[in-house]
Each structure stands twice: as structure tokens, then as C-alpha cells.
Number of protein chains: 4
Amino acid sequence: MSDGPATSLRKPRADAVRNRERVLEAAKGVFSAGGPDASLEAVARRAGVGIGTLYRHFPTREALFEAVYRREVEQLGELSEQLKNEPQPVEALRQWLRSTVEFVATKKGMTAALALAAHGKTSELTAFSSERLTKAIDALLTRAVAAGEIRADVSPEDLLRALIGMCYLHDQPGWQQSVIRLLDVFIDGLRMRGDAPPPPGGKNGSSEEAR
Amino acid sequence: MSDGPATSLRKPRADAVRNRERVLEAAKGVFSAGGPDASLEAVARRAGVGIGTLYRHFPTREALFEAVYRREVEQLGELSEQLKNEPQPVEALRQWLRSTVEFVATKKGMTAALALAAHGKTSELTAFSSERLTKAIDALLTRAVAAGEIRADVSPEDLLRALIGMCYLHDQPGWQQSVIRLLDVFIDGLRMRGDAPPPPGGKNGSSEEAR
Amino acid sequence: MSDGPATSLRKPRADAVRNRERVLEAAKGVFSAGGPDASLEAVARRAGVGIGTLYRHFPTREALFEAVYRREVEQLGELSEQLKNEPQPVEALRQWLRSTVEFVATKKGMTAALALAAHGKTSELTAFSSERLTKAIDALLTRAVAAGEIRADVSPEDLLRALIGMCYLHDQPGWQQSVIRLLDVFIDGLRMRGDAPPPPGGKNGSSEEAR
Amino acid sequence: MSDGPATSLRKPRADAVRNRERVLEAAKGVFSAGGPDASLEAVARRAGVGIGTLYRHFPTREALFEAVYRREVEQLGELSEQLKNEPQPVEALRQWLRSTVEFVATKKGMTAALALAAHGKTSELTAFSSERLTKAIDALLTRAVAAGEIRADVSPEDLLRALIGMCYLHDQPGWQQSVIRLLDVFIDGLRMRGDAPPPPGGKNGSSEEAR
DNA sequence: GATGAATGAGTCTTCATTCAT
DNA sequence: GATGAATGAAGACTCATTCAT
């Protein structure tokens, strides 16, 4: 009893918590399917709550979006932390990229999140996610570069962009395998190979102006 | 009376032709900016015609979309034909990819077209464009593979997908340079190098199931 | 058991009283600013209580309105009582009128009250206030008429109406001075002047059909 | 043929004109009854047109309001012009005031118009009407003052304010007669009488600061 | 008694689509 | 053929009111 209802201000009321959760879950699904402009009433309907309840919990579309968004981004950020301990830097990077694809594949709501990250709709939210995801990639990328395993002329921003773009097509049949294949090719392109210096003419366009 | 009430083959009437063209042009711009769901009234307004006129020429949104779409896709198809005569297969491929990026960059309406191609909204239309663009890539890809310059385990579909995805981010500052860099890395990944066989474990996920 | 479950006569419970008072105060302000249709949630917020608490004390919008209303009207009624002792009947009347203006000016909530009195929204409430205010004016008016200082062909209802109407414009800059001027002119119009009989044609329109 | 359809741009289309008129008429009634915040859907319903039609003709609530408003104000302005030719200045003024009351009484939509003029909701519109109505009164007032028939210390603004205020109560039974009586008293108060100087102390509040 | 969560009806507003001129 | 008016469905958002805690 000593640590009773010592939460923020008052009882968090059971049903309120449940409803909030339901709305988030529904929003994840609806945004995932219909994009960031999907109907909020559809979200409420799917969550089995009144539209008013949705608005009480998330007073604006952005607020709801952000709530859905952040948790997804956080998870990917945390995954990056874990993968830093993997022995093989390149494989760790590959793993993170694949996991992100998986994330999208399992409809965890990443689609909308990524779409938002892509087009800078709400700058504040985008800032957060861009930073978080960029950091996640950077951690793994830097390590692989430091190990001399991949070349240094691709920024984490570029890589994130490529990843998001590829996942953009997440509603075609077989997209997931396709993206995994493409990522592998991409990683191959990033690889340093001791015997052969990077092909002279080929990659100039990039290396010259990589920052 | 002999040619009665202007059947579909008689008198294309000058202003009708002009209006049709105007609507197409306007639609390109509007879809480009606002996506495939942009307001048709906005299109009519921009074209300087009444909304009724728009509907007369294009009875459905899809019809209009298709009309806009086809011409863009055609152009990219034709570019592919021309590039087949380039001496360097890989460079021809790179050129086509870059040109497509350029296409998007110059707001030639490709954005909406690609978006549509991406998500299979109107299957008929998608079929056409997928086929056309896939063919365009295939022509260049096959040639490079045949020349032994790039590996064979990436399908034109995959490549198209990657390209479209990367262009998806076309509203971020600097996206164009970024995409060009990424494409170069990608092409590097595709390159055959006599000295080093493709990394053993790395690309398995793809090579095993590439069709 | 004698004082069992707090019947309406037992224990007014300190916080309940305080909350009731707060709500009334808040309602005065909110109605004053936003009119009789202002948001009840705004009232609760301003009072610093939950919306449920507001509803417990005042189960309907009308109940709240009435509670706010009565106290204001009461005060003006009491003022009238006091002014009956003034030596100069006309000045007493003028004073009451000016005080009412002042009342409105100091945002004592009279605005909404008057508005309500004006348009017969809730007939019961209107009845009360009309009666009370009419009486207040009547007391002063009758006395001045009895003293032979003002003419008898204007009813307290008319006067009340004029007063309310003039105060209606209470949100224009300088309205207060304007109303005071107008009231003075009005009182001038009411004055009996031994030397000059009421202008023959002028006020007939009214005196003839006054009921 | 020479002067054929030389109207603004094209055919004003019969039904469009009719609908516009219907909407205006309906709006007059609805605003009159429910104030300037009345439901626009109610207006459309009453006009027997779709809500979309209402919006086509009047894209904003203000636009509709203005359309209703201006025509009423214009009429009162014109009435003032005519009355300037009346031989008796004071009677001309009285007549205008009474006509305005009549106007409100016959629900010509003035209610909402006046309410708007009163509270400065849309400054541009208010500016127009204030100016127009003030001018209307001024023309008559100045003339009566110049004729030495009424005193000079009441501005047209004050008078307009009093008039609007009194009409504010237009929904009480018998209000019209009441207002007419009050206006007569008021005019009496304005009258100059050679024999008796304005009561010494009484009206100072006003005369001192009249501009 | 106090609180604030839940609900849904009601408005505004936009647009796709149909049709009269 | 061109035009733009008419229509209503749909979605965002607000708030009064009820009720669980």
C-alpha cells in the first residue's frame, strides 16, 4: 500500500489506458494501410471507440501520428544498440537493415512513420525520427568503416534514404524478398576489397561529392 | 448530313484538341505536386477549362491519370532504345537510371506516375507501365550481363523497384545528389570483378531465390 | 442514523460550497465574455473544477445561468431600495441607471444576464428578472412622477428596455460615456417643464398608443 | 444580336440566380432568428438547396452575411436621402428612426445586420455599415441642428447606438410600440426650447464631453 | 462529492460527379 | 462541345451530457 497510486496525478483509470492503447493499435493499422491522411474516424471505428475519445487522447492528427511513430522509431533505435555488440560489423549493419524491412513487413506501422520521415511533414517529429534513425545507422556504419570493411563515402543519411525508399514499395507481392536482395547488392557495393581498388570511373560521381 | 453528328472519327475540332492538351499538361503539374489524389477541380482550374470539360475528355480520374502516365512512361521507354546503342553497357544503364532521376527532378510528372506504378492502384495501368519500364531496364541490364560486366542475380523488376523507391524521397533537399550517389554504389554492387568472387555468405539471401 | 446519508439539509461540506462559488464566479466571467452560449467546459476549466462537478451543482445550463443571473439582479434591486431615500427623485433614477451601466462596465456578468432578460430564452428566469428589475425602476420612476418632475407616459418596462438596449453595445470603445450621454438626453425627454407643454405633434405617436 | 448576352462574362443561368436569391432570403430569415452564428446548413435547408450550392455562392459565412447585410443597409441609406427633402427636419429624423424600427419589425434581416454593426465582428463589413448608417443619420441630424430645432451635443454615432440598442429587443411582444415611444421621448430630450434652458445640473455629464 | 473519460450528435467544409444550359 | 451550377457524401472537429471510478 505504501507505493499505492503514486502515479503522475490521479488514477490512470483502467478504461482510459485501454482505449488509448486501442486507438494506437488501430491507428497503426489504418495509417499503415491508408497513409498519413487516412480517416481518423476510421481509426476510431477500428479501435471501437467514439471519435470523441480519439480526440481526447490525441487532440490533433499529428499528436496521434507522433505517438504511433515514436514507439516504432524507438524500437529500431534500441535494436541498433544491441547489434553494436555483434562481432561482424558488416553483418550487424545488414541485420539492422533487414530487421527494419521485417518491421515494415509485419505492418508494425512503420510505413506511415517512414513516409513521414521521408516527406518533412511535421518538422519537429521528423527531426526526432531522422536523428534517431540516422544515429542508429551511423553507429553501425561507422563501426564497419572503422574496421576497414566498407568504404567511407556514403553517409548514414544516404543509407537511410535508400532503405526508406525501398520499403516504400511495401505493397507489392514479393517486395520483401526483393528488398532484401537489393540491400545485399547495395552492401556489396559498399564493401572494400583489398585486392581491387574501387573501379576507377564507376563510382566517381559519388565519391567526389560525398560529404 | 452525309457525315452526320460528328462521330468519333470526324472533325476533331480544334478547341477540343487544345483543351485536351491543356488538361493533360495541367494534370501533370497538379499530380506532380499533390499526388495522385489531388483535386480534379484544381486540374481544371489550372488548365483554364471548366470541370465539365475535364470530365468530357477523361470520364474518370483513372483515365486522366493513365493519359498523363503513358506519355511519361513512353519517353523513358524511348530513352532506353536510344541508350542501347551506347558502347559501354554499364554506363548506358547508369545513364538511364540517372535520366530517370532527372526526369523526376524536373517535375515532369513522373512522381505521380511512379507512385502509381509503385502501389498497384489501377491494375490495368500498372500493368502497362510496369511492363514498359521493366522492358526498358531489361534491355540495358541484359546487355550488360551478356557483356559479363555485371552479375545476373538481380532482376529488372528489382532494379526498377529500387529506383522508384529512391525517387520517392524527391522532396528532400539534396535528394537528387543523394540518389545518384546511391545508384553508383548500387551499380558497384552489381559489378562483376574477376579477382574476387561474390562474397560467399553475404548475398545468399538473394542469389538463392533470384529468379 | 439520525443524520444518516447527508440529506439536503445536513453538512454542506466545505469544499462543495467553495466549488459552487468558484463555478459561479467563473460562469460570470465566461458568460460575460462569450455570451449565454459559451462553453460549459470553459467555465469548469476556469473554475478549476471538473466538468462533472459543474454538472453536479448545476444540472442544466439554465440552472447555472439562473444562479449567476439572480445574484446580479438582486444587487440592482437592492440598489434601488437604497436610492429611494435620495432627496432628488430624478437624480435617484439617473443614479440607478448609471449604476447599472457601471455594473455592465465592470463586467460583473450583467451582460449575459441582460441578454437573457432581453430575449425571452428561459421564460421562468426572465419572469423573475423582468419583475425584479421592473420593480426596481418602477420604485424610482413612480416617485419622480409623483413629485411632478417627469411625465407619466413612459412605463418602467419601456425604460428597462431602453437601458438594456443601450448597454447591448457594451463592447465598443467609449460605449460607456456614450450611454451616459444618451441616458441624460433621455431623462431630459422625460422631464416635465411647466412653461412648455409637451410638444403637440411630437410625442403623440407615443402617448396616444401607450397602453 | 449586337447587344446579345453582353453581361459580365457568360449567361447568368436562370437557376443560379434563383438559387442565389433563395439563399439570401433564407439567410435573412435564419440569421434574423438565430443570430449571426446560426447554422449554414439550416440556411441551405430553408432555401431548399444543397449545402454545396450555398457554399458555391458564398464561400464563407462572412460573404453570405455581407450579402444579406449590405442590401439592407443600402436601403436605409437611400431612405435617408429621400427624407432630406422633407420640410420638417425633426420629423424627417423621427421618420427615419421609425422606418428603421419598421425595417427590423418586418424581419427584413436587419437584426443580424445590426447585431453585426454593433459588435465589431468583421471590421471591414462593420466599417461599411457604420459609415453608411452614421452618414444616414448625420444628414438628418445636421439639418435639424442647423435649423435650430435640436441641440448639438449628440453625435450621430450616439444616436445610431441608441437606435440599434433599442431594436436589440426586437423579440419581445410589443417591442415595436415600445421603441417608438422611447424614440419620441428621446427626440423630446433632443429638442431645443427657447423658454427653458437645458436643466442645469442634469445633463452636464453629456454636454461637457460631447464632441 | 469530485473527477475526467466516453460518447455521439451537429457543424463546417471540400470535392467528385452529374446535368442543365 | 464547353461551361459551371447543383448536389450530397465524407471527414474534421467541438461540445454538451452521461457515467465509471
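Numbered from 1 within each chain, the chains take letters A, B, ... in sequence-line order. Source: prediction; values computed, not measured.
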Interatomic distance, R18(A) CZ vs dT7(E) P [rounded to whole Å]: 10 Å
Given DNA chain E, 5'-ward residue of the pair R56(C) and P59(D), judged by closest heavy atom: R56(C)
Given dT3(F), dC13(F), dA6(E), the nucleotide with the shortest approach to the side chain of H57(A): dA6(E)
Using whole Å, what does the distance between atom P of nucleotide dG10(E) and atom CG of D37(D) come to? 18 Å
Which nucleotide, dC13(F), dA16(E), dT7(F), lies nearest any side-chain atom of I51(A)? dC13(F)
Where the side chain of T53(C) is concerned, which of dA6(F), dT17(E), dA2(E) is the nearest nucleotide? dA2(E)
Any idea which of dA16(F), dA6(F), dT7(F) is nearest the V49(D) side chain? dT7(F)
Euclidean distance, atom CZ of residue R45(D) to atom P of dG8(F) [Å, nearest integer]: 12 Å
If I take atom CG from residue L40(D) and atom CZ from residue F65(D), how far apart are they, to the nearest 0.5 angstrom? 10.5 Å
Applying the side chain to side chain contact (heavy atoms under 4.5 Å, CB included) criterion to R18(C), which one of E21(C), R20(C), R22(C) satisfies it? R22(C)
Over how many whole Å does the gap from E41(A) atom CD to dA9(E) atom C1' extend? 12 Å
Counting only N and O atoms by type, is there a donor-acceptor contact under 3.5 Å from the side chain of R61(A) to the main-chain atoms of P36(A)? yes
Go nucleotide by nucleotide along DNA chain E from the 5' end; which of L40(D) and L54(C) gets its closest nucleotide reached first? L54(C)
Result for side chain to side chain contact (heavy atoms under 4.5 Å, CB included) between V43(D) and one of I51(D), V23(D), L24(D) points to V23(D)
For DNA chain F, what dot-bracket results from Watson-Crick or G-U pairs at under 3.5 Å, with [ ] for crossers and | for inter-strand partners? .||||||||||||||||||||
Would you kindly give the CZ-to-P distance between R46(A) and dG11(F), to the nearest whole Å? 15 Å
Should E25(C) and K28(C) count as an ion pair when the cut-off is N to O under 4.0 Å? yes
Value for CG (L64(A)) from CD (E66(A)), rounded to nearest 0.5 Å, stands at 10.5 Å
Classify the nucleic acid contact of S39(B) as base, sugar-phosphate or nothing, counting any heavy atom under 4.0 Å across all strands shown. sugar-phosphate
Rounded interatomic separation in angstrom, taking OH from Y55(A) and P from dG11(F): 12 Å
Any R13(A) side-chain nitrogen or oxygen under 4.0 Å from OP1 or OP2 of dT3(E): no
Which whole-number value in Å describes the distance from F58(B) CZ to dT18(E) P? 17 Å
With rounding to the nearest 0.5 angstrom, report the CZ to OG distance, R70(B) to S129(B). 9.0 Å
Specify the residue among G52(C) and G48(B) whose closest nucleotide of DNA chain F lies further upstream toward the 5′ end. G48(B)
By nearest-heavy-atom nucleotide on DNA chain F, the more 5' of T60(C) and R61(A) is R61(A)
How many whole angstroms separate atom CZ of R20(A) from atom C1' of dG4(E)? 15 Å
Mind checking if A38(C) touches a base, just sugar-phosphate, or nothing, with heavy atoms under 4.0 Å? sugar-phosphate
Please report the interatomic distance CG(D37(B)) to CZ(F31(B)), rounded to the nearest 0.5 Å. 9.0 Å
Does OP1 or OP2 of dA6(E) have a side-chain N or O of N19(A) closer than 4.0 Å? yes
